[in-house]
A.B. asks: 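I'd like to ask some things about the structure below.
We name chains A, B, ... by the order of the sequence lines, and we start the count at 1 in each one.
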2 protein chains.
Amino acid sequence: MQELLAITKALSDPNRVRTLLALQGGELCVCQITELFGLAPSTISKHLSVLSHAGLVLSRKTERWVYYRLPDKSAPVVIREALDWVKKSMANTDVAAADARKLKIILKTDLTEICRRQCR
Amino acid sequence: MQELLAITKALSDPNRVRTLLALQGGELCVCQITELFGLAPSTISKHLSVLSHAGLVLSRKTERWVYYRLPDKSAPVVIREALDWVKKSMANTDVAAADARKLKIILKTDLTEICRRQCR
DNA sequence: ACTATATTTCGCCAAATAGCGAAATAATGT
DNA sequence: ACATTATTTCGCTATTTGGCGAAATATAGT
């Protein structure tokens, strides 16, 4: 029960759902997601912590950055099905499209440049 | 997005999840669910309203009672998949088993007797 | 019409949560 | 060693939410 509730609570915030959608294109570091949503780094970090605790994202630290990604096929069924459901439900929505467009621009920009904007 | 969030928010409360599981055996009226969870009728009513607003349950009023039930196959895919996911994830949990056991007893008891206990 | 009963709505309180900025932590570069 | 940078943790505030009881609503019985 707790596991399911951790997942549904994690999925009940728009910015966390948008984060999962953004990660479909591959891993992102915290400051890239921060740039995408225009929220404070601490806020994004908290959201990622909630998603991570629910098992909906995995992270990897390298150099100064922490990269978050969606779990792969080896993840528990309950997690994979939840993610598939979100992906499917949000496909072809305006929110997803707008985020994807903005993310494309962010990915073309130099990473340190993105981070500098957030951490001053 | 709003539709998905209505669903995930509805699913992020233990009593609402338990309600959905309880309805697997067929429709129940408010006072039966109230008896099952030992909460105030107004509280249960609110929970059912949230589930209903998300499309996760349907209701039917007859005589003095309002019966709530799970939607059938004709429900939107997003709803059916969410319900399947919950059912599957909660199958074989202690909570579900205990509720099922208590529900069995409640269903054997006369409906007016159940309601009288709640509404005094 | 009046009473009884099942449910919902409303007003309130306590607990949980999203947001921020500041401070702490961890890793890199000088 | 020290400064810089990316992320996290902490403390705070505003908002949301779950719970209750009382009042309102709706329906059935007398």
A.B. asks: Counting just side-chain N and O atoms, does B:T43 come under 4.0 Å of either OP1 or OP2 of D:dG19?
C.D. replies: no

A.B. asks: Quick check for you: to the nearest 0.5 Å, what is the distance between B:L48 atom CG and B:T19 atom OG1?
C.D. replies: 6.0 Å

A.B. asks: Answer with base, sugar-phosphate or nothing: what part of the nucleic acid does B:F37 contact at a heavy-atom distance below 4.0 Å?
C.D. replies: nothing

A.B. asks: When you measure from the side chain of A:S49 to the backbone of A:S45, do you find a donor-acceptor pair of N or O atoms at a distance under 3.5 Å?
C.D. replies: no

A.B. asks: As an exercise, state the distance from CG of A:L28 to CG of A:L107, rounded to the nearest 0.5 Å.
C.D. replies: 6.0 Å

A.B. asks: Quick one: does A:T8's side chain have a donor or acceptor within less than 3.5 Å of a partner on B:L11's backbone?
C.D. replies: yes

A.B. asks: Classify every nucleotide of nucleotides 22-30 of chain C by which part a protein heavy atom approaches to under 4.0 Å, writing B for the base, S for the sugar-phosphate alone and - for neither, in 5'-to-3' order.
C.D. replies: B---SSSS-

A.B. asks: Could you tell me whether A:K9 contacts a base, only the sugar-phosphate backbone, or nothing, with contacts defined as non-hydrogen atoms closer than 4.0 Å?
C.D. replies: sugar-phosphate

A.B. asks: Just report the end-to-end axis angle for the helix from C:dA1-D:dT30 to C:dT30-D:dA1, five pairs per end, to 10 degrees.
C.D. replies: 20°

A.B. asks: Quick one, A:V50 with A:K9, criterion side-chain contact (heavy atoms from CB on, under 4.5 Å). Give me CA distance, side-chain angles, the key distance, then yes/no.
C.D. replies: CA-CA 9 Å; A:V50 172; A:K9 284 181 187 209; 6.0 Å; no

A.B. asks: Whole angstrom is fine here: how far is it from CD in B:E35 over to C1' in C:dT7?
C.D. replies: 16 Å

A.B. asks: If we ignore hydrogens and angles and just use 3.5 Å, is the side chain of A:W65 paired with the main-chain N or O of A:V30 as donor and acceptor?
C.D. replies: no

A.B. asks: Rounded to the nearest angstrom, tell me the gap between atom CG in B:D13 and atom C1' in D:dG19.
C.D. replies: 10 Å

A.B. asks: Starting from P on D:dT4, measure out to CH2 on A:W65 and report it in whole angstrom.
C.D. replies: 17 Å

A.B. asks: If you check the A:C29 side chain, which of D:dT7, C:dA18, D:dG21 turns out closest?
C.D. replies: D:dT7

A.B. asks: Between atom CD1 in A:I33 and atom C1' in D:dT7, what is the gap in whole Å?
C.D. replies: 12 Å

A.B. asks: Would you kindly give the CG-to-P distance between A:L39 and D:dT7, to the nearest whole Å?
C.D. replies: 15 Å

A.B. asks: Does A:Y68 have a side-chain nitrogen or oxygen under 4.0 Å from the phosphate oxygens OP1 or OP2 of D:dT8?
C.D. replies: yes

A.B. asks: Looking for any heavy atom pair under 4.0 Å, which part of the strands does A:Y67 touch: base, sugar-phosphate only, or nothing?
C.D. replies: nothing

A.B. asks: Measure the CD1-SG distance between A:I106 and A:C31 for me, rounded to the nearest 0.5 Å.
C.D. replies: 9.5 Å

A.B. asks: Between atom CG in A:N15 and atom C1' in C:dC20, what is the gap in whole Å?
C.D. replies: 14 Å

A.B. asks: Passes side-chain contact (heavy atoms from CB on, under 4.5 Å), A:M1 versus B:D94? Steps please.
C.D. replies: CA-CA 9 Å; A:M1 177 66 125; B:D94 291 350; over 6 Å; no

A.B. asks: Assign each of B:K46 and A:H47 to its nearest nucleotide of DNA chain C by heavy atoms, then name whichever residue's nucleotide is nearer the 5' end.
C.D. replies: B:K46

A.B. asks: Taking atom P of C:dA6 as reference, at what distance in whole Å does atom CD of B:E113 sit?
C.D. replies: 11 Å

A.B. asks: Using only atom types and a distance under 3.5 Å, with no angle test, would you say the side chain of A:R80 pairs donor to acceptor with the backbone of A:P71?
C.D. replies: no

A.B. asks: Take atom CZ of A:R60 and atom P of D:dT7, then tell me their distance rounded to the nearest Å.
C.D. replies: 12 Å

A.B. asks: Applying side-chain contact (heavy atoms from CB on, under 4.5 Å) to A:L103 and A:Q32, what does each step give before you reach the verdict?
C.D. replies: CA-CA 8 Å; A:L103 183 56; A:Q32 288 173 315; 5.6 Å; no

